[in-house]
Amino acid sequence: MRVLVFKDRCNRVIQIGLNDEGTCATAFHCDQQVGELRLESHDHGNAASATLLDLNVEPTYRRSGIAHTLLAFARCESGQPIGVDRDMFSSSPAFETLFRHLTLEGLLVPI
């Protein structure tokens with residue numbers, strides 16, 4: 001497992017752990033889970049890619065940058081932008097805004 005420790009926008013120390021398969025990243029604050037990201041890995045011969053299956057951040061932490069950090073950490077570890085089904089990113093205005101910003105940063109790609 002790989003672990004990233006950072007301070008969120010509210011100055012809380014957040015730990016993110018990514019499992020060895022690179023398919024699940026979990027965010028913790030004071031030993032309580034505050035966010036989770038699940039990916040599906042695809043192996044295409046010489047290249048690997050990942051598709052976002054689920055992203056959930058506890059409501060009181062949603063404006064603190066945890067979703068962005070979860071996706072950035074997963075993208076860095078996978079070495080490729082993470083694919084997102086178009087139906088998923090239109091599920092809520094908040095996710096649509098996050099998707100638009102992370103697409104511009106090169107972290108996400110529509111599939």
Side-chain angles (χ1 to χ4, degrees):
M1 176 181 279
R2 293 173 209 88
V3 177
L4 169 74
V5 178
F6 75 101
K7 284 191 176 182
D8 69 5
R9 293 178 186 149
C10 299
N11 212 28
R12 296 176 287 220
V13 175
I14 306 293
Q15 293 179 316
I16 295 178
L18 181 69
N19 68 355
D20 292 333
E21 295 81 28
T23 58
C24 183
T26 308
F28 291 92
H29 174 65
C30 294
D31 295 326
Q32 291 186 331
Q33 183 176 333
V34 297
E36 182 178 52
L37 166 79
R38 288 187 307 117
L39 302 171
E40 179 179 36
S41 294
H42 310 282
D43 191 10
H44 306 286
N46 294 339
S49 65
T51 303
L52 182 64
L53 295 178
D54 190 29
L55 174 63
N56 184 36
V57 176
E58 291 296 317
T60 56
Y61 290 82
R62 289 194 177 150
R63 295 192 179 270
S64 64
I66 292 173
H68 180 276
T69 306
L70 279 164
L71 287 162
F73 186 48
R75 191 262 184 245
C76 181
E77 291 296 318
S78 73
Q80 299 283 338
I82 298 167
V84 179
D85 187 319
R86 290 185 183 273
D87 292 336
M88 179 183 257
F89 76 79
S90 63
S91 63
S92 75
F95 189 80
E96 188 173 351
T97 300
L98 177 66
F99 176 82
R100 187 172 51 251
H101 290 283
L102 296 180
T103 300
L104 291 173
E105 289 182 33
L107 299 175
L108 301 177
V109 292
I111 53 173

Which pairs of donor and acceptor atoms, one on a side chain in residues 98-111, lie under 3.5 Å apart (sequence neighbours left out)?
| from | atom 1 | to | atom 2 | distance (Å) |
| --- | --- | --- | --- | --- |
| Thr103 | OG1 | Phe99 | O | 2.7 |
| Glu105 | OE1 | His68 | NE2 | 2.9 |
| Glu105 | OE2 | His68 | NE2 | 3.2 |

His29 NE2 to Thr60 OG1 distance, which is reported to the nearest 0.5 Å: 9.0 Å

Pairwise distance CG(Leu39) to OG(Ser78) - rounded to 0.5 angstrom: 7.5 Å

Nearest non-hydrogen partners of Arg75 and Ile82, listed with the distance: N-CD1, 3.7 Å

Nearest atoms (heavy-atom pairs only) where Arg63 meets Arg9: O-NH1, 3.3 Å

Taking every non-hydrogen atom, the tightest pair across Leu37 and Ala74: CD2-CB, 3.5 Å

Side-chain touch Asn56/Arg62, heavy atoms, less than 4.5 angstrom: yes

Minimum heavy-atom distance Ser41-Gly22, with the two atoms named: OG-O, 4.4 Å

Distance in Å, Thr26 OG1 paired with Leu18 CG, rounded so as to fall on 0.5 Å steps: 8.5 Å

Distance, nearest 0.5 Å, that separates CD1 of Ile14 from CD1 of Ile66: 4.0 Å

Beyond-backbone contact of Val13 with Val5, side-chain heavy atoms, under 4.5 angstrom: yes

Single-linkage hydrophobic cluster, 4.5 Å side-chain cutoff, Val34 and Leu4 together: yes

Atom pair CG (Asn19) and CZ (Arg2), whose distance is rounded to the nearest 0.5 Å: 8.5 Å

Gap between atom CG of Leu53 and atom CD of Glu36 - 0.5 Å precision: 10.5 Å

